[in-house]
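Here the structure is a predicted model, which is why all the values come from computation and not from measurement. We use all heavy atoms of the structure for the numbers below, so side chains are in, but hydrogens, waters and symmetry mates are not. Below, chain A is the first sequence line, B the second, and so on; all start at residue 1.
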Amino acid sequence: MRGARFEQVDVRRPDLRKPFPRRFRVRLEGQTVLALSRRAKYLLATLSSGETLLVHLGMSGSFCIHPPADGPVPPGLGELTEADPHDHVLFRMSSGAAIAYNDPRRFGVMDVLSPGALATHPVLSTLGPEPLSTGFDAAALARACAGKRTSLKAALLDQRVVAGLGNIYAGEALHRAGLSPHRRASTIATPAGAPREHARRLVSAVKQVLREAIRRTLNPASYRSSRFRVYDREGEPCRRSRCAGVIRRRTQAGRSTFFCPLCQR
DNA sequence: ATTGAGACCTGTCGGC
DNA sequence: TGCCGACAGGTCTCAA
């Protein structure tokens, strides 16, 4: 998409999690994508008009490029061979590529933000630091968790505390840090809000887990063999060396939490 | 103000 | 094979 122009935008089904913004199609058509970026789980395309296309994939959203991005675009291609009923939006780009947004569960979101709206967006503007940035450190995490009566797991899922962690990697990071997901969030900070050792371990674990996950994603071979430490491993042995624990599953705030009751305290 | 529960929507999987 | 309930990697809203 980068450097290409929206030639035609087809909204085949206008009801994702939120309705599409007014004049969605005309605000995109004719615009060139100047840059692609990301904030938390939101994908952002900067348009030549100064507006920003915002996309969230929800639980089941994905983009499919026809033809694949790694080949040249033969003339007459960029056609969709068969209509998938979950292809809700179709972008025809000036590069010849057709890009379909597919989302069976329709938990995704698409929006177009005016230049000023980026800074005032109710969700974007309240997001916490990017987990892989230097802004996410023990002091920042401790400050955000100080006084919180909720669980550590819930705090990690709160996008205002740290942006972009989801259920799987929150759980993975807690296991790596040896911290119980049920521990009260405030216990990683002193009453004054200064970081305890737990906060340092957790920050380090979050960064490691995400770096590892990205590395795996970029390498198909290791992605296939990707093995979580706790996620979806109920009843299986803990992977920490010399730990004899068995992974348990508990529902926490409506989400499944997997953890080792022995080495996570 | 913070917190947890329920809702949103569809597909898949395991058990009977 | 077929039906049914449980569950799914994310937000958002509402009520306590």
Side-chain angles (χ1 to χ4, degrees), chain A residues 11-21 38-44 54-64 83-89 100-111 113 121-128 130-131 143-176 181-189 193 206 209-218 223-224 226-236 247-259:
Chain A
V11 177
R12 303 179 164 186
R13 172 144 194 182
D15 49 344
L16 298 180
R17 197 179 80 216
K18 306 191 318 183
F20 284 72
R38 175 196 64 75
R39 178 75 171 102
K41 297 169 193 161
Y42 296 91
L43 312 178
L44 304 169
L54 174 150
V55 180
H56 195 297
L57 301 176
M59 300 268 264
S60 57
S62 66
F63 280 106
C64 186
D84 183 317
H86 303 305
D87 281 347
H88 304 310
V89 183
Y101 175 73
N102 187 282
D103 189 357
R105 234 172 137 181
R106 303 211 315 280
F107 278 4
V109 168
M110 281 205 197
D111 203 353
L113 307 181
H121 190 280
V123 170
L124 289 184
S125 61
T126 55
L127 288 172
E130 285 290 324
R143 218 179 309 123
C145 287
K148 269 198 180 293
R149 306 178 58 77
T150 189
S151 69
L152 197 47
K153 167 87 178 307
L156 285 182
L157 290 177
D158 184 340
Q159 303 294 297
R160 298 166 304 183
V161 172
V162 55
L165 265 196
N167 195 40
I168 290 181
Y169 294 122
E172 295 296 291
L174 285 165
H175 181 266
R176 191 181 276 262
H182 307 106
R183 157 197 286 272
R184 199 175 267 216
S186 60
T187 61
I188 66 164
V206 165
V209 160
L210 290 182
R211 286 206 189 95
E212 164 92 8
I214 291 168
R215 199 174 55 69
R216 286 181 178 280
T217 303
L218 297 176
Y223 184 70
R224 253 197 309 282
S226 93
R227 309 185 71 75
F228 294 121
R229 302 166 69 104
V230 286
Y231 180 72
D232 205 19
R233 294 193 61 241
E234 184 179 20
E236 296 180 39
I247 305 306
R248 296 241 294 263
R249 179 170 88 91
R250 263 171 63 178
T251 299
Q252 200 178 8
R255 321 294 306 278
S256 279
T257 291
F258 298 87
F259 65 104

Inset, instruction - Provide, to the nearest angstrom, the distance between the CE atom belonging to A/M59 and the C1' atom belonging to B/dA7. - result: 12 Å

Inset, instruction - Keeping the roles fixed (side chain from A/D87, backbone from A/A100), state whether a donor-acceptor pair exists under 3.5 Å. - result: no

Legend entry - Closest listed nucleotide, where the reference is the side chain of A/P104 and the choices are B/dG11, C/dT11, B/dT3: B/dG11

Inset, instruction - Classify the nucleic acid contact of A/R160 as base, sugar-phosphate or nothing, counting any heavy atom under 4.0 Å across all strands shown. - result: nothing

Legend entry - Rounded interatomic separation in angstrom, taking CG from A/D111 and P from C/dT11: 15 Å

Legend entry - Nearest listed nucleotide, side chain of A/R255, among C/dC7, B/dT10, C/dT11: C/dT11

Inset, instruction - Round to the nearest Å and state the distance from A/F258 atom CZ to C/dC7 atom C1'. - result: 10 Å

Legend entry - P-based separation of C/dC7 from B/dA5 [nearest Å]: 15 Å

Inset, instruction - Take the angle between the ring planes of A/Y101 and A/H88 and call it parallel below 30°, perpendicular above 60°, tilted in between. - result: tilted

Legend entry - Interatomic distance where CD belongs to A/E234 and C1' belongs to C/dA6 [whole Å]: 13 Å

Legend entry - Residue matched to C/dT11 through Watson-Crick or wobble contacts both under 3.5 angstrom: B/dA7

Inset, instruction - Give the rounded distance in Å between these two atoms: NZ of A/K153 and C1' of B/dT3. - result: 15 Å

Inset, instruction - Please name the residue in the list A/L156, A/V162, A/V209 that meets the side-chain contact (heavy atoms from CB on, under 4.5 Å) test with A/P131. - result: A/V162

Inset, instruction - Side-chain contact test, heavy atoms from C-beta onward, threshold under 4.5 Å: evaluate it for A/L124 versus A/L54 and give yes or no. - result: yes

Inset, instruction - Determine the contact category for A/V123: base if any of its heavy atoms lies under 4.0 Å from a base atom, sugar-phosphate if only primed atoms, P, OP1 or OP2 are that close, otherwise nothing. - result: sugar-phosphate

Inset, instruction - Would you tell me if any nitrogen or oxygen in the side chain of A/Y231 comes within less than 4.0 Å of OP1 or OP2 on C/dG9? - result: yes

Legend entry - Under-4.0 Å side-chain N/O to phosphate OP1/OP2 contact, A/K148 with B/dT2: no

Legend entry - Residues A/E172 and A/R176 bridged, charged N to O under 4.0 Å: no

Inset, instruction - Whole angstrom is fine here: how far is it from OH in A/Y169 over to P in C/dA8? - result: 16 Å

Legend entry - Spacing between A/D158 atom CG and B/dT3 atom P, to the nearest angstrom: 8 Å

Legend entry - Comparing A/R17 and A/H86 on DNA chain B - which has the more 5′ nearest nucleotide: A/R17

Inset, instruction - Describe the nucleic acid contact of A/R149 in one word from base, sugar-phosphate, nothing, applying a heavy-atom distance below 4.0 Å. - result: sugar-phosphate

Inset, instruction - Among the candidates B/dT10, C/dG9, B/dG4, find the nucleotide nearest to the side-chain atoms of A/N167. - result: C/dG9

Inset, instruction - For C/dT11 and B/dT12, measure between their P atoms and round to the nearest Å. - result: 23 Å

Inset, instruction - In whole angstrom, give the distance that lies between atom CZ of A/R105 and atom P of B/dA7. - result: 14 Å

Inset, instruction - Kindly confirm whether the side-chain ring of A/F107 is stacked on the base of B/dC8, judged by centres under 5.5 Å and planes under 30°. - result: yes

Inset, instruction - Side-chain contact test, heavy atoms from C-beta onward, threshold under 4.5 Å: evaluate it for A/F259 versus A/H182 and give yes or no. - result: yes

Legend entry - Short side-chain N/O contact to B/dG4 OP1/OP2 from A/T150, under 4.0 Å: yes

Legend entry - Pair of N/O donor and acceptor under 3.5 Å linking B/dC9 base with A/R106 side chain: no

Inset, instruction - Quote, to the nearest angstrom, the C1' distance that separates B/dG11 from C/dC12. - result: 22 Å

Inset, instruction - Would you mind telling me which residue lines up with the more 5' stretch of DNA chain C, A/K41 or A/S256, judged by nearest nucleotide? - result: A/S256

